[in-house]
Amino acid sequence: MATRALVVGGTGGIGYAIACRIAGESPSSTVIISGRNKPNDIPHSNIEFRQLDASSMRSIKQYTDAYKSAKEADLDLLVLTQGILTTAGRTETPEGIDFKMSLHHYGKQLLIRELLPVLKEDAKVLLVLDSLRGNPAHLNWEDLDLKNTFSVSNAASHCIAMNDAMIQAYAAHQKEQNSGKRHFLHAYPGIVKTNLFQTLPWYMRGVAGGLSSLVGVSPETCAANLLKGTYDVSAAEEKEGKFWSCIDSKGHLVKNKPTWTDEQIKKVEEHTWKIVDDAIATPSQ
């Protein structure tokens with residue numbers, strides 16, 4: 001089956017493996033990979049690189065505007081794997097957003113919002129972060145962007161939970177507007193043998209890298225699990241009228257997720273768009 005896919009974060013690690021799997025399975029597929037730097041090796045002729053700084057809301061807006069104005073074919077699959085593993089404290093981008101949170105939450109949501117018009121009516125949207133631990137009880141509702149209460153742990157909890165909230169928001173709006181049957185998924189990749197640990201301080205790299213070597217799976221195995229889970233879980237859940245899902249590292253549905261109220265989802269959504277739109281409006285320095 002020919003697939004037109006965009007993989008942001010597709011220049012390395014899990015995203016690159018996902019892109020290569022899609023491209024390799026069908027020569028008639030088209031896969032766009034985006035990130036800061038072009039990979040040294042692009043093994044399939046149907047993979048195209050387009051540069052994107054996924055930590056910058058202005059850059060994302062320019063990128064998505066360019067895609068839409070080019071009148072290209074609509075997307076079957078949008079995959080968002082961009083991220084960083086760091087122990088650094090709050091480090092703001094020029095737009096005033098913590099760098100880690102810009103990659104793990106805000107940038108992902110802006111890409112979805114802006115690309116919705118070019119997603120096919122039955123497209124799949126896959127966010128890769130951590131679909132297991134999201135819980136509205138873990139949020140500091142008075143400081144969602146952690147301007148005043150930042151810690152690495154808090155940043156992780158907030159991004160994980162807010163991604164859960166947003167996939168529910170997209171599905172709810174779609175139902176209200178009767179605007180398609182797109183499925184929005186949040187996935188946990190598990191421990192994967194990538195070079196992500198190289199961003200850690202030197203004294204932590206050995207332990208983390210050793211752990212991934214012992215219990216981690218290859219990026220290719222992770223990619224196969226997540227892609228299969230994306231389509232299998234979507235098909236099963238859609239029979240029940242549900243268009244958002246969380247999947248684990250095996251591609252299985254994550255059950256018994258904490259319940260969100262409509263008010264909580266709305267608060268995360270409104271917060272997200274305020275941060276994103278304020279960043280886009282920030283004058284370039």
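- With hydrogens and angles disregarded, a donor-acceptor distance shorter than 3.5 Å links the side chain of D248 to the backbone of H252.
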Exercise for the section: Could you check Q62 against D65 for side chain to side chain contact (heavy atoms under 4.5 Å, CB included), going step by step and ending with a plain yes or no? Expected result: CA-CA 5 Å; Q62 292 165 1; D65 284 350; 5.8 Å; no

Practice task
Decide yes or no on side chain to side chain contact (heavy atoms under 4.5 Å, CB included) for M166 and K108, but give the supporting numbers first.
Solution key: CA-CA 10 Å; M166 291 301 291; K108 285 180 165 68; over 6 Å; no

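- Between E270 and K274, none of the side-chain N atoms (NZ, or NE/NH1/NH2) sits under 4.0 Å from a carboxylate O, so this pair counts as no salt bridge.
- Here D143 does not pair with K147 in a salt bridge; the nearest charged N to carboxylate O distance is not below 4.0 Å.
- L110 and L144 fall within a single hydrophobic cluster, where Ile, Leu, Val, Met, Phe, Trp and Tyr side chains are chained together by heavy-atom contacts under 4.5 Å.
- For the residue pair Y63 and S34, a side-chain donor N or O sits within less than 3.5 Å of a side-chain acceptor on the partner.
- In this structure the side chain of L227 reaches within 4.5 angstrom of the side chain of L77, judged on heavy atoms.
- Note that OG of S245 is 10.0 Å distant from NZ of K124, once rounded to the nearest 0.5 Å.
- Looking at heavy atoms from C-beta onward, L78 lies in side-chain contact with L80 at the 4.5 angstrom threshold.
- When only modelled atom types and interatomic distance are considered, S151 and S153 share no side-chain donor-acceptor pair under 3.5 Å.
- Checked by atom type and distance alone, the side chain of N154 pairs as donor or acceptor with a backbone atom of T149 at under 3.5 Å.
- In this structure, a donor-acceptor pair under 3.5 Å is present between the side chains of Y170 and Q109.
- Of the possible polar contacts, none joining the E95 side chain to the I280 backbone as a donor-acceptor pair under 3.5 Å is found.
- The shortest heavy-atom contact between D145 and I275 is OD2-CD1, 3.5 Å.
- With hydrogens and angles ignored, the 3.5 Å screen pairs a side-chain donor or acceptor of N225 with a backbone N or O of S249.
- Y16 is linked by a ring-ring contact (aromatic ring centres under 6.0 Å, His included) to nothing, counting only residues two or more places apart in sequence or in another chain.
- Between D122 and R182 there is no salt bridge, since no side-chain N of the basic residue sits under 4.0 Å from a carboxylate O of the acidic one.
- The two residues P219 and A17 come nearest to each other via the heavy atoms O-CB, 3.3 Å.
- Remark: the backbone N or O of A235 is not paired with any side-chain donor or acceptor of H183 at under 3.5 angstrom.
- Rounding to the nearest 0.5 Å gives a distance of 5.0 Å between CG of D53 and OG of S59.
- With contacts defined as side-chain heavy-atom distances shorter than 4.5 Å, the pair I60/S56 does not qualify.
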Practice task
Go through the steps for T11 and K38 under the test side chain to side chain contact (heavy atoms under 4.5 Å, CB included), then give the verdict.
Solution key: CA-CA 6 Å; T11 57; K38 184 176 181 179; over 6 Å; no

Practice task
Take H158 and F150, measure what ring-ring contact (aromatic ring centres under 6.0 Å, His included) needs, and give me the verdict at the end.
Solution key: CA-CA 10 Å; H158 275 223; F150 185 91; 9.5 Å; no

Exercise for the section: Please report the C-alpha distance between K239 and E237 in whole Å, then the side-chain angles of each, then the deciding distance to 0.1 Å, and finally whether the salt bridge (charged side-chain N to carboxylate O under 4.0 Å, His left out) criterion is met. Expected result: CA-CA 5 Å; K239 290 178 181 177; E237 292 288 274; over 6 Å; no

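- Shown here are the salt bridge (charged side-chain N to carboxylate O under 4.0 Å, His left out) partners of D277, two or more places apart in sequence or in another chain: R113.
- The shortest side-chain heavy-atom distance between M162 and L139 falls under the 4.5 Å cut-off.
- In terms of modelled atom types and a separation under 3.5 Å, the side chain of N46 and the main chain of S29 share a donor-acceptor contact.
- Taking the six-membered ring for Trp, H104 and F99 have ring centres at least 6.0 Å apart.
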Practice task
Take D74 and K120 through the salt bridge (charged side-chain N to carboxylate O under 4.0 Å, His left out) test and state the conclusion after the steps.
Solution key: CA-CA 6 Å; D74 287 352; K120 290 184 179 178; over 6 Å; no

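- To the nearest 0.5 Å, atom OG of residue S179 and atom CD of residue Q174 are 5.0 Å apart.
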Handout entry: From CA spacing to verdict: side chain to side chain donor-acceptor pair (under 3.5 Å), E25, H44
Key = CA-CA 10 Å; E25 285 185 337; H44 303 284; over 6 Å; no

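- Between the side chain of T81 and the main chain of V8, a donor-acceptor pair closer than 3.5 Å is present.
- With L6 as the fixed residue, the side chain to side chain contact (heavy atoms under 4.5 Å, CB included) test singles out one of L75, L52, V31, T30: L75.
- Rounding to the nearest 0.5 Å gives a distance of 9.5 Å between CZ of F184 and CD1 of I167.
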Exercise for the section: Kindly indicate, with the supporting measurements, whether the criterion salt bridge (charged side-chain N to carboxylate O under 4.0 Å, His left out) is fulfilled by K266 and D262. Expected result: CA-CA 6 Å; K266 182 179 180 181; D262 291 343; over 6 Å; no

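- Under a 3.5 Å cut-off, the side chain of N163 and the backbone N or O of C159 do form a donor-acceptor pair.
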Problem - Check against side chain to side chain contact (heavy atoms under 4.5 Å, CB included), K100 and T86 - result: CA-CA 8 Å; K100 184 183 182 77; T86 177; 4.2 Å; yes

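- In this structure, the side chain of R50 does not engage the main chain of I32 through any donor-acceptor pair within 3.5 Å.
- In this structure, R36 contributes its side chain and A54 its backbone to no donor-acceptor pair below 3.5 Å.
- Residues F243 and S234 form no side-chain contact, since every pair of their non-hydrogen atoms from C-beta on lies 4.5 Å or further apart.
- Proximity of E72 to V118: side-chain heavy atoms (C-beta onward) are nowhere separated by under 4.5 Å.
- Residues V276 and Y106 come closest through the heavy atom pair CG2-O, 3.8 Å.
- V79 and W244 are assigned to two separate hydrophobic clusters, defined by single-linkage of ILVMFWY side chains at heavy-atom distances under 4.5 Å.
- I265 and A165 get closest at one heavy-atom pair: CG2-O, 3.7 Å.
- Residues that satisfy the ring-ring contact (aromatic ring centres under 6.0 Å, His included) test with F49, not counting sequence neighbours, are absent from this structure.
- Residues D98 and L146 fail the side-chain proximity criterion, which asks for heavy atoms closer than 4.5 Å.
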